[in-house]
Structures are given as C-alpha cells and as structure tokens.
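Inspection log for the structure reproduced underneath, given as structure tokens.
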Amino acid sequence: MNILMTGGTGFVGSHLMAALLGKGHTIYCLTRQDKEDTTGVHYLKWLDGSVPHLDGVAIDICVNLAGAGIADKRWTAQRKQLILDSRVDATTEFVKIIHNLHPKPRLLINASAIGVYPTSQTTFFLDTEEHAAADNFLAETVISWEKAARAAGIRTVFTRFGLILGKDGGSLPLLTKQFAFLIGGPLGDGNQWYSWIHIDDVIAVLLFVMDHENIEGAVNVTAPHPVQQKKFAELLGQAMNRPAKVATPKTIVRLAMGERAILLLEGQRAYPQKLLNQNFAFAFPKIEDALADLIRDS
C-alpha cells in the first residue's frame, strides 16, 4: 500500500514507519525539513508554502500524527497556542491535500487523545458511547483537532491515545526520573487513573485499524486494564528495584509543572471497547507485563 503520513519523525510516527516498511508498504512522509528519500520512504516538504507533489500516486491510507509535544514544556499562553495550532492547522492542510487526491484514500487515521474526557475516579469512558467533553485546554484541543479531521470526507478513525509507554519516548522516561533519585511514589493522593498502553500495542492498533474497514470514529487506544497512579508507581518501583513510598503533594507537582500538571494529577479510566469488540489481542494487557518488558535492559 501507499501510505501518506505526517509526524513520521515523532515517537509514534517513527515506530509506525518502521512497522509499515517491515510489511513492504511505501510511505510518503510530509515533513517541514528537507530530507533525502530512503528505501521505501519519500519525504515531501509541506507547511512552508510548498505543495506536495503526489501526481500519479494512488494513496491508500492517510495517517495524521502531527503536533507539538504536550508534555514537553510548561504551558505558557504561547505554548498552548502552539499545541493547538500545530494540530488544527496541520490537520486542516492535510485535509486539503486529501481532497486533491485521486482516487480518494480509503481511510484517514487521525491522532487524538483521551484527554477529551472529563477526569473521574468512577466513570468508565467507552468509545462506543457519547460522553460530554471536559472543560479544559486538553479537551478543547481534541475537539478542534477532531473537527478539522472530519472534513476529510472519507472513513476517519480518531485514535484517542492514552499514556503511551516506551523506552525511547512517551511518558515512561518522565515517570522513571523520580525513581532514579529514590523519590518515587504517589503523585498527589495517587487515586487518579492512568489509562496506559505499550508502544508496541499502539502500533499494532494502528495496523489493525488499517485492516478492519468496519472500525470508524473514536477509538480508545489504551490497554484494557487501567490502574490508579499509586498502583502504577508501586509496580514501576518494583520493576526498577526502587522504593515507591515518597508521596509528592499536588502543590509541589503543580509548582514544578504549572498547568500541565493535569497530565499527572488527573486522569480518565478509558476502556478500548471497540478494539475488544473486534477481538483485538493486546500483547501487553496488564501493566506488570508492560513494565517488565520496558524496564528490562533499559
């Protein structure tokens, strides 16, 4: 297949590209930087006034992973605007490209996030049901992001990522730092839910969606066994052979991280109902197995 994608140099994107190339697919990767083509990958400049040339190329599937990192830096007003614009503006431009493709692709996979759901310690957020969105910056970003993607006019899947765990990116490197200094443990009261997923399962989900034409709309890309943060911290400490008894008060986390502390102090218990309905098999359904795999040899 011919895959047109954005965000190919990011954490999820680089893993997805490797998987697609391993299956013999050809990738057309939109990038802001000049890059030389490699085996199976054609780099196309965009978002600088350039118009990607895809004449004569029949694109089968589009994947949109573009967006500035949410957890990378403090959420100043300028940073929040960048986070929003890098998603909505890029998606709007990507949709314009899709409209000009002939024949039309059969699928758009658009990155999204479970941050659209309100934080709750009791509610299960299923992707087979309608839920009221949260009233915060993350939810507003997701709503605008998904709205821009809907304009593509083709089958669209919004992959609402949870806390992605990987050795080379995602949330795990940040979460392991405190344990390296023997100060790991609960953040706040530790009762907030972490809906997590191993990076290998993220890629497997994306490939699964490509192969199952009856999947559309929002899909929770999370493992089927979310855990509360204090349990996560306990198991992470065990995997790292470090104590997990030093609680960090909410005020300290907020002082250190500012508004983005919501990423660690609040959470949603999301459930991947659509994937399970399609008999998707998670390689790492439980956090113990995921951490054992990721911490080993790291």
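Keep in mind that the numbers below use all heavy atoms, side chains included, and drop hydrogens, waters and symmetry copies. Being a predicted model, the structure only gives us computed values, none of them experimental.
- Residues passing the ring-ring contact (aromatic ring centres under 6.0 Å, His included) test with Phe284 are His198, sequence neighbours excluded.
- For Tyr194, the ring-ring contact (aromatic ring centres under 6.0 Å, His included) criterion is met by Phe232, not counting sequence neighbours.
- For residues 134-157, every residue pair satisfying the salt bridge (charged side-chain N to carboxylate O under 4.0 Å, His left out) rule, not counting sequence neighbours, is listed here: Glu146-Arg150, Glu146-Arg160.
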For residues 21-29, dump all side-chain donor-acceptor pairs below 3.5 Å to protein atoms at least two apart in sequence or in another chain.
unit_1	atom_1	unit_2	atom_2	d
His25	ND1	Met1	N	3.0

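- Residues satisfying the ring-ring contact (aromatic ring centres under 6.0 Å, His included) test with His212, not counting sequence neighbours, are Phe208.
- Asp48 pairs by the side-chain contact (heavy atoms from CB on, under 4.5 Å) definition with Lys45, Ser50, not counting sequence neighbours.
- Looking at residues two or more places apart in sequence or on another chain, you find a side-chain contact (heavy atoms from CB on, under 4.5 Å) between Asn277 and Thr128, Gln273.
- By the side-chain contact (heavy atoms from CB on, under 4.5 Å) test, Ala71 pairs with Leu263, sequence neighbours left out.
- A salt bridge does not link Glu259 to Arg254: none of the charged nitrogens lies less than 4.0 Å from a carboxylate oxygen.
- Clustering ILVMFWY residues whenever any of their side-chain heavy atoms sit less than 4.5 angstrom apart, transitively, puts Leu265 in the very cluster that holds Leu236.
- For Trp75, the ring-ring contact (aromatic ring centres under 6.0 Å, His included) test picks out Phe137, with sequence neighbours left out.
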Contacts under 3.5 angstrom, residues 53-63 side chains, donor-acceptor by atom type, not counting sequence neighbours:
unit_1	atom_1	unit_2	atom_2	d
Asp60	OD2	Asn2	N	2.7

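- By the 4.5 Å side-chain criterion applied to Ile, Leu, Val, Met, Phe, Trp and Tyr, Trp193 is assigned to no cluster and stands alone.
- Legend: salt bridge (charged side-chain N to carboxylate O under 4.0 Å, His left out) pairs involving residues 191-213, not counting sequence neighbours: none detected.
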